[in-house]
Every structure is written in C-alpha cells, then in structure tokens.
Chemist: 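The structure's right below; bear with me while I get my questions together.
This one's a predicted model, so the numbers in the text were calculated from it and none came from an experiment.
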Amino acid sequence: MSSRLAWSVASRTGTASLGSRVVRERWKNLSGAVWRVQVDNSFDSHARHSNTSRFVFPRHNSVGNAADSRMLPGINQYGVSSLARFYSSGDLPPHQRLTMPSLSPTMTQGNIARWCKKEGDQVSTGDVLCEIETDKATLEMEAMEEGYLAKILCGDGSKDIPVGQAIAVMVDAQGDVTKFSDYEVSSSGSPKASVKEQEQPPPNESTSAQLAPKQPLSKPNVDPLSEDRIFASPIARKLAEENQVLLSRLKGTGPNGRILKADVEEYLAAGAVPAKGKSSADLLEALDYIDIPNSQIRRVTAQRLLLSKQTIPHYYLTVDICVDQLLFLRTKLNQIQEASGGKKISINDFIIKAAALALRKVPQCNSSWTDDFIRQYKNVNIGVAVQTDFGLLVPVVKDADHKGLATIAEDVKTMAEKARQNNLKPSEYQGGTFTVSNLGGPFGIKQFCAIINPPQVCILAVGTAEKRVIPGDHEGVFAAGSFLSSTLSCDHRVVDGAIGAQWLRAFKAYMEDPVTFLL
C-alpha cells in the first residue's frame with residue numbers, strides 16, 4: 001500500500017469546534033481507512049465525562065514517519081500517530097510498532113485501560129486492539145491490517161505513557177511471534193538487545209582478585225555522643241517502655257546526658273501524657289476501606305477545579321426571589337403545553353430564560369478573561385448542569401435569549417436525556433458562555449456556591465423554592481410567599497461587585513415578573 005494517502009472529510013456528523021481544540025469526528029481516505037475520534041464530553045464546575053470512540057492507524061512502509069506525515073494533511077495537526085515498519089539488523093523479522101498517539105493539542109500522555117487482544121492472537125482488519133484513556137476520552141484502537149500481536153509493551157492499567165512511546169508490536173507471520181518474547185524498547189525508541197545478547201559471562205574471580213589492589217579495611221567512625229543515639233540506663237529504658245514514654249522527650253541528668261531512672265520517674269510525676277501506642281496513620285490503616293483508582297478524566301477534572309479555585313478570584317452574591325407570579329404563569333402555560341402535546345415547562349426553564357435576558361442587559365457577565373484583553377460574547381449560550389451516572393455533564397442551550405420557553409424546555413429535556421445515555425455530541429456541550437447549576441428542584445438544597453467553569457466568568461447556583469411568611473399590606477397582617485435563593489459566583493478580574501449586583505437585579509426582576517420576557 002502506498003504511504004501517500006488522499007484524504008477527504010466524510011460528513012457523518014461534520015466537524016466540531018472546541019475552542020483551541022478542533023477535532024474532526026470522522027475522516028475517510030480514498031482507500032477506505034476510517035479515522036473517527038470523539039473527545040472531551042464536558043467539563044463544568046463539578047465534573048467532566050468522556051465518550052468512547054474509535055480510531056484506526058494506517059500502516060506506513062518506512063522506518064521514519066516524518067515524510068509520510070507530511071503526505072497526510074491533518075495528521076500532524078491532530079497529532080495522531082501511525083504504525084511504522086521496522087527492519088532489524090539482528091535476528092528480529094520485519095515488524096510494526098504501535099505507539100501512544102497524541103489525539104489533541106493538549107495531550108502529552110495516556111493510559112491503557114485494557115487490551116482486547118492477547119499476545120499471539122491473530123488480528124483482522126477492524127478488530128479492536130485496546131482501549132486508550134486520555135484526559136478527554138476513552139478510545140478504542142482498531143487494527144488497520146491483518147497480522148499477529150507479537151508483544152504487548154504496556155499492559156492493562158499502564159498509566160502516564162508519554163505520547164510516541166511504543167505500546168505493542170505486530171508481525172505478519174504467526175511464526176515470528178515467539179521471536180519477540182524478550183523484545184524491549186529503550187527510552188530513546190530503539191529496540192534493546194535480547195536477554196541472550198545482554199548476558200555476559202561473569203569475570204574470573206581469581207583474575208579479578210589478582211588485579212584489584214588491596215585496600216586497607218577501616219572501621220566507620222562512630223561518635224558515642226551522636227545526636228542520633230539516646231543514652232539511657234537499662235532500668236530507665238524498661239520503665240519508659242512500660243509507661244509508653246518516648247526517651248527523646250526526656251533530658252538526662254547522668255554523665256554525658258545519660259537518662260536515669262530518676263529522670264523517667266520525674267517525668268511521670270509531672271503528669272506528662274504517655275505517648276500513644278499507635279499513631280493516627282496506624283489507626284487509619286486499621287480501618288476497613290477500598291481504594292478506587294482515579295481515572296484520567298477524574299484527575300484532569302480535579303486539576304481544573306483546583307486551578308479554578310486557586311487562580312480565579314471568586315466572590316459570591318446571593319439574592320432571594322419571590323416566584324409567586326412565575327408559578328402562576330407556569331401553571332397556565334403547562335395547561336396549554338399539555339393540550340398541544342408539548343413538553344412541560346419547568347422552573348429551571350424560566351431561570352435559563354431570565355438568565356439569558358439578564359446577560360443581554362449586563363453583557364460584562366457574558367465574557368471571558370485573557371491576560372491581554374477581556375472577550376465579551378455576543379452569543380448567549382447557557383450551560384445547564386445535568387446529573388448522570390457518569391458524573392455531572394453540562395449541555396448548552398445555544399442563543400437562549402432568542403428562544404421561547406417551550407423551545408428551551410424541549411432543548412433541555414432532549415439534551416438531558418442524551419447526557420444520561422452518554423450520547424451528547426460535541427456541538428451540544430461546547431461553546432457555553434454562562435452556566436446554571438440547580439440543586440434546589442431535584443435535591444431540595446436551599447443555597448450553595450458553585451465553582452466557576454473557566455473560561456467563563458460567572459455561574460449561577462439556584463436553590464429550592466420554599467414557602468415563607470412575609471409582612472402583609474397592613475400592619476399586623478402577614479401573608480405567605482414562595483421564595484428561592486440564587487447565588488452568583490463571579491470572577492473579580494472581569495466582573496466587579498457592582499456589575500454582579502446589576503446582573504442579579506436584572507435577573508430578579510425577570511423572575512419576579514416573567515411577563516416581561518415578552519418585552
């Protein structure tokens with residue numbers, strides 16, 4: 001097969017723009033080889049999740065891949081490694097090495113989740129060789145051609161494998177498999193010598209003894225008064241051990257600071273607390289527990305959340321909102337929706353719409369921070385936190401300020417169902433400019449503070465609606481009202497306190513009088 005491949009985009013789902021990460025979901029060359037990658041399922045203020053997708057490696061009949069990579073437009077851009085054929089000058093037959101690919105500009109290492117083939121297994125075109133876990137996705141690696149898996153260099157669970165490092169070896173003939181039983185790859189990338197080649201006969205001991213000059217033996221210098229050694233009489237040691245007293249806490253009054261029995265008795269008479277028999281670490285080890293390994297996605301999520309809290313100057317603004325009119329209007333609209341067969345409108349749909357309109361009034365909160373400038377977005381795309389079995393995902397309602405409540409309700413319910421089934425497309429969870437996290441409705445949380453999802457500068461945390469007693473129109477008269485608490489987390493580098501307050505005031509006005517949505 002010629003290594004010069006003509007490439008064209010096969011449009012199944014098109015391309016997806018991920019800001020600085022642009023990933024094509026599917027490529028197809030004229031010979032029928034398919035590359036398909038889907039990455040970076042989501043990241044919000046709490047968690048990120050990934051889809052499992054597939055990619056394949058074409059084989060190149062050359063030792064170096066640099067020239068071949070230049071012949072394949074897009075390969076270097078997305079950093080996808082390929083198979084390379086190597087010819088050994090030793091006893092090794094021609095073989096192909098599989099290397100850890102770089103599937104995004106930010107990927108520097110990956111993990112082997114598991115191998116689907118064992119050493120010696122026959123591999124057919126399209127067979128899944130292994131699953132590779134990156135910081136954005138779990139990918140299945142398919143075989144491009146037939147052959148045999150001769151050697152697995154990085155087994156199941158191998159972590160932090162640098163991009164470009166060999167992970168396995170394939171051969172064309174089954175009889176060549178056994179020749180790679182001792183195959184290794186050095187850090188420089190060249191194959192190491194086999195075990196037999198590395199074995200050298202031991203030198204003659206008698207000859208070595210004759211050639212080696214005799215060195216005088218010297219005893220190590222030991223300072224009897226070294227600080228690493230504690231001098232104490234035997235009876236003092238026994239008394240201290242019985243009472244769980246550390247000798248290092250005592251000051252000896254004997255010759256050269258020797259600890260005597262009287263020193264221990266004086267320490268105990270002073271009411272000193274004996275040392276505990278077990279340390280806190282020992283007590284923790286004695287507990288019954290299980291260790292849950294951190295996935296690559298979980299580690300990256302932890303790093304991003306920590307980075308957000310450490311580098312973004314958060315501050316929080318909370319306001320109580322009366323939602324009596326909103327609940328009344330929601331009841332009337334849902335009657336119309338039910339009659340027309342549409343989706344029911346939730347309180348969260350009102351929150352999304354009110355937040356979008358408030359962002360249009362106060363666009364400073366619809367921005368992102370860079371060292372050189374503040375980027376203010378004209379599109380109002382609201383990310384909505386959705387809890388799933390895989391973690392918290394954030395599908396995005398695009399142009400929410402231009403959509404009606406019925407359309408928002410349809411979009412949110414459709415994407416939430418996709419998120420729970422792990423079927424979100426990149427276009428459905430990328431491009432958010434503001435995030436809403438609601439723990440009130442599903443969990444009854446009264447109030448909380450959310451972590452900003454960079455590069456966004458604000459996130460709204462919404463609590464549950466509850467009945468409260470409020471003063472009436474006349475003195476001594478009281479009434480009841482439904483209120484919910486909303487807390488805005490702001491990046492002080494972009495959103496000053498007064499700006500955040502202006503946004504909350506606009507948001508509260510829309511929520512308390514939702515008829516103004518029409519204006």
Side-chain angles (χ1 to χ4, degrees), residues 38-55 98-104 106-119 128-141 149 151-168 184-185 187 275-311 385-394 419-422 424 429 437 439 442-443 445 448-454:
Q38 185 171 337
V39 296
D40 203 6
N41 195 24
S42 79
F43 171 79
D44 68 321
S45 60
H46 303 281
R48 182 190 295 179
H49 183 70
S50 66
N51 288 332
T52 299
S53 304
R54 290 186 174 183
F55 61 93
L98 281 68
T99 60
M100 175 61 68
S102 174
L103 299 174
S104 71
T106 59
M107 179 179 172
T108 58
Q109 58 189 17
N111 301 339
I112 300 293
R114 68 183 183 95
W115 283 92
C116 303
K117 295 288 185 180
K118 302 187 297 295
E119 291 183 358
V128 177
L129 295 175
C130 67
E131 293 180 358
I132 294 181
E133 185 184 65
T134 71
D135 58 343
K136 300 178 179 65
T138 299
L139 308 171
E140 292 179 346
M141 189 173 81
L149 186 59
K151 183 69 174 179
I152 294 177
L153 302 175
C154 300
D156 293 352
S158 298
K159 296 184 180 296
D160 302 332
I161 304 171
V163 168
Q165 178 176 317
I167 60 176
E184 295 181 6
V185 178
S187 59
K276 294 183 179 180
K278 291 185 178 181
S279 65
S280 58
D282 295 333
L283 293 176
L284 289 176
E285 288 293 333
L287 298 177
D288 188 17
Y289 62 90
I290 60 172
D291 291 329
I292 302 174
N294 292 326
S295 65
Q296 184 78 352
I297 297 170
R298 175 61 62 183
R299 285 190 290 172
V300 171
T301 301
Q303 294 170 1
R304 291 289 305 275
L305 291 176
L306 183 62
L307 180 67
S308 176
K309 289 294 289 184
Q310 288 182 334
T311 61
V386 177
Q387 183 65 40
T388 71
D389 294 337
F390 315 107
L392 196 61
L393 308 182
V394 187
R420 295 186 181 97
Q421 296 177 359
N422 194 21
L424 282 175
Y429 56 77
S437 181
L439 294 180
F443 303 105
I445 301 300
F448 69 101
C449 299
I451 301 174
I452 295 174
N453 176 17

Chemist: Once you round to the nearest 0.5 Å, how far does CD1 of I161 lie from CD of Q109?
Modeler: 9.5 Å
Chemist: Starting at CD of Q387, measure out to OG of S437 and round the result to the nearest 0.5 Å.
Modeler: 9.5 Å
Chemist: Return the minimal non-hydrogen interatomic distance between L424 and A419, and the atom names on each side.
Modeler: CD1-CB, 3.6 Å
Chemist: Do you know the tightest heavy-atom contact between M141 and I132?
Modeler: SD-CD1, 4.3 Å
Chemist: Calculate, to the nearest 0.5 Å, the distance between atoms CD1 and OG belonging to I167 and S158 respectively.
Modeler: 9.5 Å
Chemist: Taking E131 for the side chain and R114 for the main chain, is one N or O donor matched with an acceptor at less than 3.5 Å?
Modeler: no
Chemist: Quick one: are I152 and K118 in side-chain contact, heavy atoms under 4.5 Å?
Modeler: no
Chemist: Any idea which heavy atoms bring W115 and L129 closest together, and the distance?
Modeler: CE3-O, 3.3 Å
Chemist: CD1 of I452 to OG1 of T311: how many Å apart, nearest 0.5 Å?
Modeler: 9.5 Å
Chemist: On a heavy-atom basis, which atom in V128 and which in C116 lie closest, and how many Å separate them?
Modeler: O-CB, 3.3 Å
Chemist: Are side-chain heavy atoms of V386 and V394 found at a separation under 4.5 Å?
Modeler: no
Chemist: Test Q165 against C154 for side chain to side chain contact (heavy atoms under 4.5 Å, CB included), laying out the working first.
Modeler: CA-CA 10 Å; Q165 178 176 317; C154 300; 3.8 Å; yes
Chemist: For I451 and S308, work out which heavy atoms get closest and say how close.
Modeler: CG2-OG, 3.6 Å
Chemist: Closest heavy-atom contact between M100 and I112?
Modeler: CE-CD1, 4.0 Å
Chemist: So how far is it from Q421 CD to T388 OG1, rounded to the nearest 0.5 Å?
Modeler: 11.5 Å
Chemist: Would you mind reporting whether D160 and N111 have side-chain heavy atoms less than 4.5 Å apart?
Modeler: yes
